Amino acid sequence: MPVEPVTGMAPMPLDGPDDVAKLMELLQRPDSDARGLGDHLAFLAGTQPELFRPYQEAVITGMLGRFGVSFADQCVLLGGAPDQCVEHLARRLRHHWSFGDAWALAAIGSAAALEAIAEDVRNGGDREEYELCGVWVPPTGPARIRFSLHRRAVCLQPVNGPEELAAVDHPVGLPVDQVAQGPSATLISWHYLSLRHTDVPGLPAWPADRVHLVGVRAGYPWTLHAGIDNYGRYHNAAVTYDEPPAVEEEETYRSLEVPGFGLGSVELRPYDADLVYCNGHIQLTPGVVGTAGGPPIGLYSNPSCPSCSRLMFHVVTVENRIREYGDGWRSLFICEDCQTVSCNATGWN
Ligand SMILES: [Zn+2]
């Protein structure tokens, strides 16, 4: 059974509408295990979200407080909920603002929901809370979703040597000078992953074949912004830190930079019943190191484009163990209009 409830709850079968009805009955009970049920709902989001559709309105209007589901899974389960759900949440936000209602509204993501979010923010609702989950409110018009609704599990496989690496679609461990040029190739010290952006459904058009997730010699948090040249290589890179790394810290990172270490290839797999759903994520699935597409983590500020100030579009988030260097999550974002990229490092949630 690929549901492994974090609370130790015994997994329930979720094969058809009757099983989902039983799950929803349990969710209504105040003494039930909301987190354990949440892992079942995450499984449903990954496998048969259509079975949840009849319950969208009941959850939004009456059970949101017990709906222990990550924002990413909420997007799948609540996406496109009827407009009366939007009206219900907008009314609640006007009366008493809460991030739970705001996230549900963002997860619905319909035209009516995006209008309601823009109105909420312009009436004093918490803009940052929406930006945490990848939703941006421009100066005029409806809110914009700055992530793809299509998620892919990022699965890592080892690769034997640079020749094999050169032939794969989504390489891990390229030499830095293949993905950055000029002084940026000095500032950028590590290559985590390159993705063929057309293999992540729902990403905006991008002028280069691949986008790159790279790192610098510093512990988290940091954010790197860069432009791209005609070959998609990063240039004009600049990093912001909460605290610049000490010389000794940089030396520690330098000692890890062994050429040929941790070479790999990434396969992008649709969410399905073969993944392990536990604690609101799929990271316990053997080989899975992150997710491409879907919203950003939702706990940390996401980068805005240094050129146009728009919230950047989330591409992928992986654990550092994709290619050991530093600690925590590494994420990649793009601004498709300005052709800028951001890579950032954040801690564990
Ligand atoms: Zn921009």
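All ligand and atom numbering here is 1-based and tracks the order in the structure. A quick note: this is a predicted structure, and the numbers were derived from the prediction, not measured.
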Whichever hydrophobic residues join Leu132 through chains of side-chain contacts under 4.5 Å: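 Joined to Leu132, directly or through intermediates: none.
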Identify each donor-acceptor pair in which a side-chain atom of residues 12-24 lies under 3.5 Å from a protein atom, sequence neighbours left out, and give them as a table.
from: Asp19; atom 1: OD2; to: Asp15; atom 2: N; distance (Å): 2.7
from: Asp19; atom 1: OD2; to: Gly16; atom 2: N; distance (Å): 3.4

In the protein, N/O/S atoms that are found under 2.8 Å from the Zn ion (ligand 1), waters not counted: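 Near the Zn ion (ligand 1), below 2.8 Å, one finds Cys305 SG, Cys308 SG, Cys335 SG, Cys338 SG.
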Say whether, by atom type as modelled, one donor and one acceptor occur between the side chain of Asp83 and the main chain of Val86 under 3.5 angstrom.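 A pair under 3.5 Å: no.
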Are Arg321 and Glu319 ion-paired here, with the side-chain N under 4.0 Å from a carboxylate O?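 A salt bridge links Arg321 with Glu319.
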Under a 4.0 Å threshold between the charged nitrogen and the carboxylate oxygen, would Glu336 count as salt-bridged to Arg310?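 Yes.
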Considering only distance and modelled atom types, tabulate donor-acceptor pairs under 3.5 Å from the side chains of residues 252-264, sequence neighbours left out.
from: Thr252; atom 1: OG1; to: Glu248; atom 2: O; distance (Å): 2.9
from: Tyr253; atom 1: OH; to: Ala218; atom 2: O; distance (Å): 3.3
from: Tyr253; atom 1: OH; to: Gly219; atom 2: N; distance (Å): 3.4
from: Arg254; atom 1: NE; to: Glu251; atom 2: OE2; distance (Å): 3.4
from: Ser255; atom 1: OG; to: Thr252; atom 2: O; distance (Å): 2.6
from: Glu257; atom 1: OE1; to: Arg217; atom 2: NE; distance (Å): 3.4
from: Glu257; atom 1: OE1; to: Arg217; atom 2: NH2; distance (Å): 2.8
from: Glu257; atom 1: OE2; to: Arg217; atom 2: NE; distance (Å): 2.8
from: Glu257; atom 1: OE2; to: Tyr325; atom 2: OH; distance (Å): 2.6

